Structure formats: structure tokens, C-alpha cells
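In what follows, a structure is listed as C-alpha cells, so that the remarks can point back to it.
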Amino acid sequence: MLNAKGRKKRAGVERAIEGTKAKIRTEKEKEVRVEEELMPEKKEVKREKEEWYERFRWFETSDGFLVIGGKDATTNEMLVKKYMDASDLFFHTQAEGAPAVIAKTEGKEVSEAGLKEIAQFAASYSNLWKYGFYEGECYCVTGEQVSKTPPSGEYIKKGSFVVRGKRKYFKAALGLCIGIEKDKNKLIACPSLSHIKEDMRYFVELEPGDMEKNAISKEILKFISDSVKDENKEEGRRIATQDKILSFLPPGKSRIKGFYPLISESAT
């Protein structure tokens, strides 16, 4: 048992401890207030809604029709079975490894210019590019002519289809542009026909060549990054990544025909 002197001493120690705790609490509260004052206001990051067709390769023709192409057997199958209507147009080449390409027509007629654009898109993503061809043949049918039902006793592998009836054939030069679409501000790949280029802010034009896909993708990424240096860099990084660019490249090697930067209205 403590005597009066000991109790007084312990009380003094307890008061000192409580005082120290109070000072610590006060200092912490000050630190929190300073952090809140210095911390920039948190802004909600607005994510653009991704459309269903963005999981595929896509572009819009000069007369406004949405065109979507598969990337592999799985997406070919999904595109035709889930998204193609009977009135849509289906494009394909005889070359092995060609994508299924559909144009969403809603029963409307596509112009001859639009048909040529779609044919070039379909041919450019086939193995014709990989084999070094600069031109290829592509055919077009309606969606109702395409089926997954094979003739009796035959088998159709995943991503392949049976096409019945008359076909319309096109000769198409191989060529693609990869860049940023003006209105939707998204990365797209489209045929390298001159009137399509007007819909792009800046892009790289490609043809079959001898440069590996990884090297090509880095060149395109650098070009797009440099092009947006005076704009929103974070937006540029969101739109174009190396993985996204690689997913838009055709099979095999390529050559860059040219870079086309954004030209401001004041410069024209």
C-alpha cells in the first residue's frame, strides 16, 4: 500500500500521461486537417460505356454502316450466331484463317463504295496478308445464306460455316489504317481507302511487309502518344495501349506506309 507521498507521485505521473495523450491526439488532428487541405479534390473517373461490338474488330463504312469482324474461331462463332441477322451482309475469303465479317444493314442497301471497303477489310484480316499478297478475292452473301448445318455426314469445325446460294465476288487490295476515330474517340482499324481516312483524327497506314507485329505495335503506340502530347495524355493512354493495338493488327508481318497526324483547323 502506497503512503500519501507515493499516491501523490502516482497521481502526478497519471496526469502527465493523460496530458501527453491529449497532445498526441491534438497533433494527429492537425495532421489530418493539413492532409485534407493539401489533398486534391477527388474527381470521379467517368468511364465511357463500351459498345458490344468493341470486343471485335470494327469500323463504319463511308455510308454509315457498322462493320464487325471476328478475331479468331471463337469470336467468329459468336459474331455469326449471336449478332448476325438474316438481312445483314456476310463477307469472307476462301483463304484459310479468314475472319467472319458482317455489315449491320437493317435491310438497307450498301453502296458499291461501302461494299469495296468491307471487302478490303475482310481480305486484309485473312491469311492473304500473312502470305504477302497485296490483293485478294472476297465474296459477299446475305445472313440468311449462312448456316452452321453441314451436309449429311459432314462436320463443320468451330468458327466455320456453310454458305449456300449465289455469291458476289470482289477483288480487294490489302491495306489497313489503325488509329483514333474522330467522333467516338476510340481506337479502330479500317480499310485504307481515302474516304475512310477522313473519319480518323490520326492514324498509321499499313500494308503487307517484313516488320514483326510487336515492333509495328510499338511504332503505332509511340506515334499516337506523341500525337496527343498537347492534349490529354491520360486519355491517350486509355484509348491506345500496345495490347489493344496488337489486337487490331492483321496476321503476319506489315510495313508502315505513312503516319498521318492530327491537323488542327488553325493549321489548315
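Here the structure is a predicted model, which is why all the values come from computation and not from measurement.
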> Taking it one step at a time, do W52 and I68 satisfy side-chain contact (heavy atoms from CB on, under 4.5 Å)?
Replying inline: CA-CA 10 Å; W52 65 267; I68 314 111; 3.6 Å; yes

> Between E219 and I256, is a side-chain contact (heavy atoms from CB on, under 4.5 Å) present by the stated rule, with each step listed?
Replying inline: CA-CA 9 Å; E219 287 287 326; I256 296 176; 3.8 Å; yes

>> Run the side-chain contact (heavy atoms from CB on, under 4.5 Å) test on R57 and K71 for me, step by step, so that the C-alpha distance in whole Å, both residues' side-chain angles and the decisive distance to 0.1 Å come before the verdict.
In response: CA-CA 7 Å; R57 299 183 179 114; K71 296 180 178 180; 4.0 Å; yes

>> Please evaluate residues L79 and I102 with respect to the criterion side-chain contact (heavy atoms from CB on, under 4.5 Å), reporting the C-alpha separation (whole Å), side-chain torsions for both, the decisive distance (0.1 Å), and the verdict.
In response: CA-CA 8 Å; L79 185 60; I102 66 170; 3.8 Å; yes

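A distance of 13.5 Å separates CG in L115 from CD in Q120, rounded to the nearest 0.5 Å. Interatomic distance, CD1 of I220 versus CG of L206, reported as 5.0 Å (0.5 Å rounding). Distance check, rounded to the nearest 0.5 Å: CZ of F170 to NZ of K116 gives 8.5 Å. With values rounded to the nearest 0.5 angstrom, F90 atom CZ is found 14.0 Å from D85 atom CG. Of the inter-residue distances, the one linking F133 atom CZ with T93 atom OG1 reads 11.0 Å to the nearest 0.5 angstrom. A distance of 9.5 Å separates NZ in K222 from OG in S227, rounded to the nearest 0.5 Å.
In terms of heavy-atom proximity, A189 sits nearest to F59 at O-CB, 3.6 Å. The shortest non-hydrogen separation linking G175 to S124 is N-OG, 3.0 Å. Considering every non-hydrogen atom in both T142 and A86, the closest pair reads CB-O, 3.9 Å. Of all the heavy atoms in G136 and L174, the pair that sits closest is N-CD1, 3.6 Å. Across all non-hydrogen atoms, the minimal contact from L246 to K213 is CD2-O, 3.7 Å.
Annotation: side chain of S192 is not in contact with side chain of L176 (no heavy-atom distance under 4.5 Å). Within the 4.5 Å cutoff, the side chain of R167 has no heavy atoms near those of the C140 side chain. Side-chain atoms of V204 and C177, non-hydrogen and from C-beta on, never get closer than 4.5 Å to each other. Looking only at side-chain heavy atoms (C-beta outward), T75 and R55 stay at 4.5 Å or farther from each other. Looking only at side-chain heavy atoms (C-beta outward), F259 and E205 stay at 4.5 Å or farther from each other. At least one side-chain heavy atom of Q242 sits less than 4.5 Å from a side-chain heavy atom of K218. A 4.5 Å side-chain heavy-atom check between V162 and V146 finds every atom pair outside the cut-off. Contact annotation: the side chain of T241 never approaches that of L221 to less than 4.5 Å [non-hydrogen atoms, C-beta and beyond].
Using a cutoff of 4.0 Å between basic side-chain nitrogens and carboxylate oxygens, K158 and E77 are not scored as salt-bridged. A salt bridge is defined here as a Lys NZ or Arg NE, NH1 or NH2 lying under 4.0 Å from an Asp or Glu carboxylate O, and K104 with D88 meets this definition. Salt bridge status for K168 with E112: present, with a side-chain N to carboxylate O gap under 4.0 Å. For the pair R255 and E207, the salt-bridge criterion is met [side-chain N within less than 4.0 Å of a carboxylate O]. Ion pairing between a basic and an acidic side chain is recognised when a charged N comes within 4.0 Å of a carboxylate O; K186 and E54 show such pairing.
No path of Ile, Leu, Val, Met, Phe, Trp and Tyr side chains, each step under 4.5 Å between heavy atoms, connects Y134 with Y125, placing them in separate hydrophobic clusters.
Under the 3.5 Å distance criterion, the side-chain polar atoms of S217 are matched with a main-chain donor or acceptor of N214. Using modelled atom types, one side-chain atom of E117 and one backbone atom of S62 make a donor-acceptor pair closer than 3.5 Å. In terms of modelled atom types and a separation under 3.5 Å, the side chain of N76 and the main chain of A100 share a donor-acceptor contact. A donor-acceptor pair under 3.5 Å links the side-chain atoms of Q145 to the main chain of K166, judged by distance alone. E137 places no side-chain N or O within donor-acceptor distance of the main-chain N or O of K171, the cut-off being under 3.5 Å.
Tested against Y260, the residues F203, F223, Y202 include a single ring pair (Phe, Tyr, Trp, His ring centres under 6.0 Å) partner, F203.
Between F91 and Y139, the ring center distance fails the sub-6.0 Å criterion.
With a 6.0 Å radius and a threshold of 12 heavy atoms from other residues, nucleotides or ligands, K130 has its NZ atom at or below the threshold.
Donor-acceptor pairing under 3.5 Å is recorded for the side chains of D63 and T61. No side-chain donor-acceptor contact under 3.5 Å links E106 and S87.
Cation-pi geometry between K148 and F161 is satisfied (NZ or CZ under 6.0 Å from the ring centre, within 45° of the ring normal).
Evaluation of the side-chain contact (heavy atoms from CB on, under 4.5 Å) rule for S254 yields W129, I216, P250 as partners, not counting sequence neighbours.
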